[in-house]
J.: 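The structure that follows is given in the form of structure tokens.
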Amino acid sequence: MIKTRFAPSPTGWLHIGGVRTALFSWLFAKSQSGQFYIRIDDTDTSRSTKEYCDSIISALHSLGLNSDRELMYQSKRFDVYIDKIEYLLNNNLAYYDQVEVNEKTKDTNLDIQYENRLNKLGHVIRFKNPKENPVKLKDLVHGEITFNPKTFHDVVILRSNGVPTYNLTSVVDDTELGITHIVRGDDHLSNTAIQINLFKAFNETVPVFAHLAMIHGVDGKRLSKRHGAVDINSFLDEGYLVEALINYLVKTGWSHGDQEFFSTDDLLKLFTIDKVTKSSAIFDYDKLNWLNQHYIKNKDLSDIADMILPYLTDLNIKVSDRKYLENILSLGIDRDYNLKNIASGLTYYFENDLNYKSDDFVKFDPIKSKAVIENVIKKISNIDFDNKENISNCIKEVCSDMSLKFKDVGPAVRFALTARLKAPSIDELCFTLGKDKALKRLNDFYAFLSLA
RNA sequence: GUCCCCAUCGUCUAGUGGCCUAGGACACUGGGUUUUCAUCUCAGCAACAGGGGUUCGACUCCCCUUGGGGAUGCCA
């Protein structure tokens with residue numbers, strides 16, 4: 001059975017590129033009835049935090065990328081690694097080396113000591129990396145790669161503070177978990193030769209590797225904080241749908257002809273590693289936004305209502321009438337691309353007193369507008385709000401009575417109803433707001449114009 | 001510096017030697033729909049990094065150059 005893993009290091013937020021690696025690893029296993037495991041590679045004890053760890057786990061869970069076994073934490077397995085290092089030492093495959101902190105390693109925090117029987121102050125243990133032969137790798141996405149032994153070096157497997165390092169722990173745990181296929185970012189490609197040699201040193205089966213190209217920022221550099229909010233939780237928090245995120249991430253680096261939309265079920269049927277691209281991609285916010293809007297538009301209104309409630313709460317809006325909310329959403333759901341923005345674009349439906357700003361209204365003539373509003377109020381007070389037709393006709397009548405074109409009437413009315421220039425059509429607006437609210441706003445705006 | 005990886009429209013990609021005057025999508029531009037905006041819709045713009053081979057024929061195969069990325073840590 002195929003077994004893959006995702007092994008994040010909780011030294012930062014899980015960014016969107018990491019999520020894609022997890023997704024591909026998960027899809028590779030799951031599309032072939034295999035298993036997917038999550039392992040927390042927290043051997044860098046000074047930089048790993050519980051906060052990062054929890055946020056990574058929670059994000060993966062939100063995305064549906066769940067581990068098929070209990071999470072493995074490397075920080076809880078130091079005794080296992082010590083045994084393994086001792087094995088290498090006893091078989092002349094590792095050795096002690098006296099080291100000093102240098103320019104390159106000065107940032108490494110060695111304050112936390114992990115006392116163990118191999119630990120020797122001022123000494124690290126290095127793996128005796130065989131340098132006689134090139135290492136050949138048959139990578140599932142890159143094909144055959146030959147590593148020149150010229151650059152092989154003896155990597156540290158135990159730090160001077162007694163903490164084992166990634167190259168060792170990763171190999172030990174991949175063996176322990178029975179990982180058959182390692183799907184990871186190609187920033188690990190250079191480490192692979194070392195790790196293959198380590199697997200061999202332990203006489204263990206070398207897993208199959210699949211190195212994924214990375215996602216870069218617009219500057220072509222690897223994605224990081226300086227490219228803006230790229231951590232997965234910020235996308236989730238802003239109201240990007242899981243469907244959209246997955247669809248976006250899978251489409252960058254993998255394709256199935258010209259198909260643009262994929263559900264998770266589709267992916268489970270269609271995903272194959274041979275359609276994964278070798279070249280890196282640049283993160284495209286526009287395309288993600290477009291996809292997110294697509295999924296929001298196509299979701300049931302009641303689902304969106306559920307999902308948008310927390311965003312409205314954050315804006316201090318209490319929704320008492322569920323039906324009213326759904327009506328509003330039907331007018332405003334495709335006006336923005338994430339739930340947070342949609343929610344903040346909807347506030348005027350709930351406010352009792354709109355905050356009219358003259359700056360926004362500067363292009364309209366206050367005297368004319370006042371007359372228009374006055375007429376609209378008169379007409380609209382006498383009509384039935386049961387259908388939109390009535391409201392629409394009412395506005396038309398005002399136009400003809402005053403010999404004005406719609407463009408001289410519409411914007412002022414729309415502004416009165418919403419305090420903004422861009423909004424749904426007036427009849428929809430009035431119909432959804434209801435007669436009382438609509439009239440109150442028209443009167444409020446009339447008063448506002450009188451003061452101005 | 002050394003090693004490794006990568007290279008099609010601005011971006012994500014299709015393309016596995018003839019189907020390519022290179023297809024789709026996002027973005028952008030213009031038109032239509034919409035009483036504004038958004039949505040929707042139609043159209044347009046726009047690419048095989050360069051140079052050598054191989055071949056009857058190269059986007060596709062090989063080599064070189066160039067460009068980009070990664071590794072070269074007591075990070076992962």
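No hydrogens, no waters, no symmetry mates; every other heavy atom, side chains included, goes into these values. Naming: A, B, ... by sequence-line order, numbering from 1 per chain.
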J.: Can you check side-chain hydrogen bond (donor to acceptor under 3.5 Å, both in side chains) on A/T432 and A/N327, steps first, answer last?
T.: CA-CA 7 Å; A/T432 304; A/N327 289 341; 5.9 Å; no
J.: Check RNA chain B against residues 6-22 of chain A and give the residues with a non-hydrogen atom under 4.0 Å, in numerical order.
T.: A/S9
J.: Taking 4.0 Å as the cut-off, does a side-chain nitrogen or oxygen of A/R47 come that near to OP1 or OP2 on B/G73?
T.: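 No, outside the criterion.
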J.: Report the C-alpha distance between A/R184 and A/T192 in whole Å, list the side-chain angles of each, state the deciding distance to 0.1 Å, and finish with yes or no for side-chain hydrogen bond (donor to acceptor under 3.5 Å, both in side chains).
T.: CA-CA 11 Å; A/R184 43 145 66 149; A/T192 308; 3.2 Å; yes
J.: Any side-chain N or O of A/T43 less than 4.0 Å from the OP1 or OP2 oxygen of B/A76?
T.: yes
J.: So, under a plain 3.5 Å distance rule, would you say the side chain of A/D186 forms a donor-acceptor pair with the base of B/G70?
T.: no
J.: Return the pairing partner of B/C19 with a 3.5 Å limit on both distances, Watson-Crick or G-U wobble; otherwise return none.
T.: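 With both distances under 3.5 Å required, B/C19 matches none.
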J.: With a 4.0 Å limit, can you tell me whether A/S190 has a side-chain N or O closer than that to the phosphate oxygens OP1/OP2 of B/G70?
T.: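 No.
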J.: Does A/D286 have any side chain to side chain donor-acceptor pair (under 3.5 Å) partners at least two apart in sequence or in another chain, and if so, which?
T.: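 Residues passing side chain to side chain donor-acceptor pair (under 3.5 Å) with A/D286: none at all.
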J.: OP1 or OP2 of B/C3 sitting under 4.0 Å from any side-chain N/O of A/K150?
T.: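 Affirmative; the distance criterion is met.
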J.: Are there more than 12 heavy atoms of other residues, nucleotides or ligands under 6.0 Å from atom NZ of A/K437?
T.: yes
J.: Could you tell me whether the side chain of A/K251 has a donor or acceptor atom within less than 3.5 Å of a complementary atom in the base of B/A25?
T.: no
J.: According to a strict under-4.0 Å criterion, is A/K297 in side-chain N/O contact with OP1 or OP2 of B/U39?
T.: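 False: A/K297 side-chain N/O out of range (4.0 Å or more) of B/U39 OP1/OP2.
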J.: Both conditions, 6.0 Å and 45 degrees, for the charged tip of A/K84 above the ring of A/F202: are they met here?
T.: yes
J.: Using a heavy-atom cut-off of under 4.0 Å over every strand shown, decide if A/I145 touches base, sugar-phosphate, or nothing.
T.: sugar-phosphate
J.: Ignoring backbone atoms, test whether A/K275 places a side-chain nitrogen or oxygen under 4.0 Å from the OP1 or OP2 oxygen of B/U13.
T.: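 Result: no.
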J.: Could you please name the partner base of B/A38, counting Watson-Crick and G-U wobble pairs only when both distances are under 3.5 Å?
T.: none
J.: Could one point to a donor on the side chain of A/N191 or the base of B/A76 with an acceptor on the other under 3.5 Å away?
T.: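 Flag set: donor-acceptor pair detected.
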J.: Give a yes or no answer on whether the side chain of A/W254 reaches the backbone of A/T272 with a donor-acceptor pair at less than 3.5 Å.
T.: yes
J.: So does A/S280 reach the base of B/C6 with its side chain, donor to acceptor, closer than 3.5 Å?
T.: no
J.: According to the Watson-Crick and G-U wobble definitions, with both distances under 3.5 Å, which nucleotide is paired to B/C3?
T.: B/G70
J.: Please confirm whether A/R20 makes a cation-pi placement over A/F24, using NZ or CZ under 6.0 Å from the six-membered ring centre and within 45° of the ring normal.
T.: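 Yes.
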